[in-house]
Amino acid sequence: VELAITHFGVGLYGVPYAIAKNKGWFKDAGLDITGFLTSAGGGTTVRNVLASELPYGEVALPAAIAAIQQGLDVKIVHAGVVSLADMVFVTRKDDDSIKTEADLKGKKLGYSSPKSTTDMVTTIMLDKYKLTGQVERKPIGGIGAGLTVLREKGVDMFYVTEPAWSAEKNNYRKAFNAADWLPHVTQTVGVAKSEWIKANGDKLKGLIAARRKGVEFIKSNPDEAAQIVATEYKIPLDQAKAALASVKDVKGDYWSRGDFDKEGMDVMLQGLRLVQAIEPGDFDWKKVVDESALPADLPKSFK
Amino acid sequence: MNDAHAKLRGVKRIYRGVGKQPPTHALGPVDLDLKRGEFLSVVGPSGCGKSTLLDVLAGLARPDEGTIEFEGKLVQGEVPDGIGVVFQEDSSFPWLTVRENAGFALARAGMAPAEIKERVDATLSFMGLASFAESYPVQLSGGMRQRLCIARTLVTRPRLLLLDEPFGALDQQTRLLMGDELLRLWRETGATVLLITHALDEAAMLSDRVAVMSARPGVILDLVETDWPRDRDSRIVSEPSFGAVTARLWSTLRGESMKSMATQ
Amino acid sequence: MNDAHAKLRGVKRIYRGVGKQPPTHALGPVDLDLKRGEFLSVVGPSGCGKSTLLDVLAGLARPDEGTIEFEGKLVQGEVPDGIGVVFQEDSSFPWLTVRENAGFALARAGMAPAEIKERVDATLSFMGLASFAESYPVQLSGGMRQRLCIARTLVTRPRLLLLDEPFGALDQQTRLLMGDELLRLWRETGATVLLITHALDEAAMLSDRVAVMSARPGVILDLVETDWPRDRDSRIVSEPSFGAVTARLWSTLRGESMKSMATQ
Amino acid sequence: MKRAAAIRWLLIALLVALLELACSLRWIDPTAIIPPSAMLMGAMKIVLIGEWQRAIVETLTTVAIAVALSSAVGLLLGWALTRAPRLRRAVDPLLASWYAIPTFVFYPLFIVLFGLGRWPLVAIGFLFAVVAMTLSTIQGIERVPRTLLRAAQAMRLTRTQTALRVVLPSAAPWLFAGLKLVVAYAFIGVVAGEFILANEGFGHRIAFAYNNFDNRAMYGAILLLLVFVATLNASLAGWEKRLLRRRGLR
Amino acid sequence: MKFDKLLVLAAILGVWQMTSLLVGVEVLTPPLGTFAKIGRLFADPDFGGHVWETTRAFALALVLSLAIGLLVGLALGADRLAAEVGEPMLTAFYAIPKVTLYPVILLFFGLGFAAKVAFGALHGIIPVALFTMAGVRNVKPGWLRAARAMRLTKLQIARSVLLPAALPELVAGLRVGTALTLLGTLIGEMFASQRGLGYLLLQAMERNDPATITALALLLTIFATSASALLLALERRLDHARVVA
Ligand SMILES: Nc1ncnc2c1ncn2[C@@H]1O[C@H](COP(=O)(O)OP(=O)(O)OP(=O)(O)O)[C@@H](O)[C@H]1O
Ligand SMILES: Nc1ncnc2c1ncn2[C@@H]1O[C@H](COP(=O)(O)OP(=O)(O)OP(=O)(O)O)[C@@H](O)[C@H]1O
Ligand SMILES: [Mg+2]
Ligand SMILES: [Mg+2]
């Protein structure tokens, strides 16, 4: 069967899975994972998870929250990527006017689209540096479009994510990393269909455990991990290496072993409220999270 | 009337106008019996409803009032089996050759290709189109296209043949030849023929009976019996009684045409 | 010949075949002078090249050989000013009403609306179409559509009028009426008229001269002068010499039609 | 005409009722399709929200520009191609195949060429719609009966007069067919473009609803979109029908 | 003829090269670079699998689009009432952004091959139907009257009169339908896939890899153009009437 993993092959979220598959750890857990279904956009991935034979996948946290709030039958079962380390803010190569966040004053900053993660992240940043209203923000679309607009001087700064950034390293100048001002943000989480969790607790445990081994392997064997990423993602080895190194350089863990980072989740929640993607008011994580399949040795955050 | 091949009773046809136009009462009421095996011609001033009559009789249009029977069955909204129609306007299929056009109905009816070829060749050749068998309709003259449409219908050997001014685009001599061919076919097949024509001598020469229609709305003013023998041909024009028939048609029609041109 | 309005010299027309088809030699060589103000009819068997002759004379098609002159100027690939054409097939514009159709050419030529209306109304009324002025061509009968096409050309008052079987779909009486109207117009306007027709009596009755064409490739076999007075109408048919003219036409044509039907 | 409308409404009512029933009986997963009544509520809510209203106006304007441009250019292009048969034969295969290009992948290109904002979307809508018009125009012009052209020639009409007074009206039924396609394609192009790329407009709002599993907003928006397209088409259809009726073409 | 085509080809390449120079190779890969990229794509042993995956889904979707589209178009074109009832619904439905139908497609076709095929067919059916309908509707009434007088069945009328009479419109519809079905299949692949050209395209877009994007777009265009040329050749063979006129 196939696992639905958001942005597999284009984002680093899927790396632990790639390693687990490559190493045969899914098989050890009694799961026959033949490949990964990818898609762009959170909503689609959640839908794919629900329609899938093995209704489990890793999706963007906002999509998971939205899905559950709208009554879709999924639960968040583990944390995925808990850092924004892969999000790099860049300027034109010859433009060194923006070195720190404060330099953004009076400049034009691009982001992907309203109510997206980049919208939230930049909103929070401007708020943090008291720049709100002094920076012109422009929604642009995908990375291709964004970099084009940056080159054409339509904006002065845009974001790039790994591993694309490692391929573009020489064409733009990195100013800072989103993790610099937001060290804790949970980007993705593992979700599964509730009924399936009940009936297949063991399988889910196996999945989470296999992924966790993948996460640990990246730390312990970065070179071999890069090798595997290069083959599974079909990117040059150098790029894979650079991408893995760049998220490692940023402080804090990038991939969670599975346990939740409540702070990072709350940041995302706050962001969602900021861009009015969810209603303000109390939000009860316990209703959306199911920690039952987390390995026993990992801390539980929502008891 | 037991020998009526087709029966029209109180048939009327009224065309609705577009938008604010008033409706046009085109035809009727018409009562008419077509006897089995007879050759009946219809003459009448231009625009009097002849083509409309043919339409409803063939089942191509429904009458607004009245009924039509063919071989004892009501005709309603569908062309019954056994009727063949030649239209006033050119309706040859431009994407088919002359030969394919002529054999079209037969091929659709599932006749064997060899038999189709035989029938089509025979018909095209007495229609004077044999050497144009592989041409397309656009390559024909107006009169040749009209002959093609006649051929296309004749090959199906209908029991009731409806012809709407089929010789309108033909020169007089060709017309005579065609008329004789038509008479021969009519005798051989025993079909009933209804011919709409504007040539009075043609009507008089070919028919057992001639119906004269009034100006629009067309009703039947007169039904002239000719009493020709079945075994006749165009030489009948030299009969003394021929002149009498045409004269009678002429006198009835003259007034109607004048009326029609004046009021329309 | 100083009074020749149009002059044809050695005019030939050959249609190329499609694919492997052989070319069709449709017309010529034809030499013909149309005298200014004369009424000339052309008769000939179906498919002999009459319409083709009209095409090249009007400048709608180029002859493959020979030259055509109209009012002293060569006609080449363009219809000269002063020529009006009525086609054999229906060429009314289906999106225009009868009135708009009739006034079409005048409106394009920039005539004042009031004058157009006047001319169109007059023409439609003697064409028996007055009460259908606001109808669309689909709402007309075959014969009425043909009359519309004639009206559309007559309103422009051409100096040379070319008519291709304009009365083909009309009944005999209407035909006579139209013929008389045509003669009246011809006299009043002094136009030159070339009429293609398949009715020999019509040709004989209306024309100063009648050209008889051979079977395809059409050449002019005979040019019959009628010597009618200019001031004539359909009553001419009762003249004793009328019979002689039609008989002569008839005898020439008979053989050609037979030939044409046999070889085609 | 009245009858057709009646049947259509009946059919729609039937479908709606069926869907409503299927949804309320839970035959259909409400996370996939919601009952029509809920869609209607969604639509009503949308029209009341200022943000949505702006988006709708934005999108309709973009679509209108795309429709105008593509029908005009398509008409001219189709006409030009019938005048230049050699060029026509050479480019003919390309005309339709152009649709297979996923235009939105070239969004960056459009940004460079047209800047940010509305114009790249107009370009996408235009590219999507123009071919339909071109093809229809070519067909319409090729179907002009030869005898009408001959009549025009005999009346000594100039080229422009022939084009405007004979060819254009004669080809009108085909042009109408093309125009209807243009409307549909312009909507598809613009809305899909907004969906995938843009940050403003109706399409983006639908995308947002889609990604947030906000079925009410999404289906409500779709409902509105249906209404827009249907209204536009209905006005075209009335016009078209009069035109066809006059010619006896049903 | 051949020469004209080469000229057009040269013109396209020229414009492409110029645009590329104008906007920069980072945005639009120039022709040579694209060809090289295509070469590299084909050299990749996995590429054949991707092509096959897309071809498979496309072929099935195409058969569905053309068959259903033709049928619906003929039915609507031949029956005035059906057209008046159905056409507005079809066009309106067609303008829905297909993406939003993804949940519905998932519901009915599940995840995978069937959904891709459905997506492809969804894009293709309606244009085929609309073009067919327009063509059929404008068929000269006289031919239909003749067919009715010959007592042809509805099916025979469709096959022997409507199809040949409306051939140019039909072929145009099929051409547009073919290209759109290909596009639809591709978009279907962008939703949930791990194989196929749509998958490759999505990856390339997300990774900002213009060379691959341009290469894939070119491949698709070549494919659709070939299909289009094939249909045109077929039309020329069948449509004698136009050859003559
Ligand atoms: N489709 C139509 N819509 C409205 N009126 C029509 C239609 N067809 C015919 N008519 C009207 O009906 C009347 C009779 O027409 P019809 O075609 O039956 O005449 P006809 O006797 O065949 O004439 P012709 O000898 O000129 O062919 C005419 O006045 C015509 O205007
Ligand atoms: N477009 C064409 N292509 C090829 N051949 C043609 C074309 N038009 C006419 N012909 C041929 O030229 C010959 C003369 O045709 P034309 O139309 O001039 O005849 P016609 O004398 O007007 O006949 P009719 O009295 O039947 O109208 C015919 O044999 C016809 O087959
Ligand atoms: Mg009639
Ligand atoms: Mg002729």
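Just so you know, these numbers come straight off a predicted model, no measurement behind them. Residue numbering restarts at 1 for every chain, and letters A, B, ... go by the order of the sequence lines.
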- Name, in order of residue number, those residues of residues 52-74 of chain B that have a heavy atom at a distance of less than 4.5 Å from a heavy atom in chain E; otherwise write 'none'.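 Residues of residues 52-74 of chain B touching chain E at under 4.5 Å: B/Asp55, B/Gly59, B/Leu60.
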- Task: Determine which residues belonging to residues 182-190 of chain B lie within contact range of chain E, meaning some heavy atom pair is under 4.5 Å apart, and list them by number or answer 'none'.
- Result: none
Smallest separation among heavy atoms of [X] and [Y], with atom names:
{"X": "E/Ser160", "Y": "B/Phe104", "result": "CB-CZ, 3.5 Å"}
{"X": "E/Ala146", "Y": "B/Phe93", "result": "CB-CZ, 4.4 Å"}
{"X": "E/Ala149", "Y": "B/Phe87", "result": "CB-CZ, 4.0 Å"}
{"X": "B/Gly77", "Y": "E/Arg148", "result": "O-NH2, 4.0 Å"}

- Query: Which of these passes side chain to side chain contact (heavy atoms under 4.5 Å, CB included) with B/Arg108: E/Val161, E/Leu152, E/Thr153?
  - Reply: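 That would be E/Leu152; it is the only one of E/Val161, E/Leu152, E/Thr153 passing the side chain to side chain contact (heavy atoms under 4.5 Å, CB included) with B/Arg108.
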- Can you tell me if CD on E/Gln17 sees more than 12 non-hydrogen neighbours from other groups inside 6.0 Å? yes
- Query: In terms of heavy-atom contacts, does CZ of B/Arg209 have more than 12 from other residues, nucleotides or ligands at under 6.0 Å?
  - Reply: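 Yes - once you tally the heavy atoms of other residues, nucleotides and ligands closer than 6.0 Å, there are more than 12.
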- Query: Does the distance from a Lys or Arg side-chain N to an Asp or Glu carboxylate O, for B/Glu89 and E/Arg145, drop under 4.0 Å?
  - Reply: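 The answer is yes: the pair qualifies as a salt bridge.
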- Query: Which bit of B/Thr97 is near chain E, if near means a heavy-atom gap under 4.5 Å: side chain, backbone, both or neither?
  - Reply: neither
- Based on non-hydrogen pairs under 4.5 Å, which of B/Asp81, B/Ile83, B/Thr156 is most in contact with chain E?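 Ranked by contacts with chain E, first place is B/Asp81.
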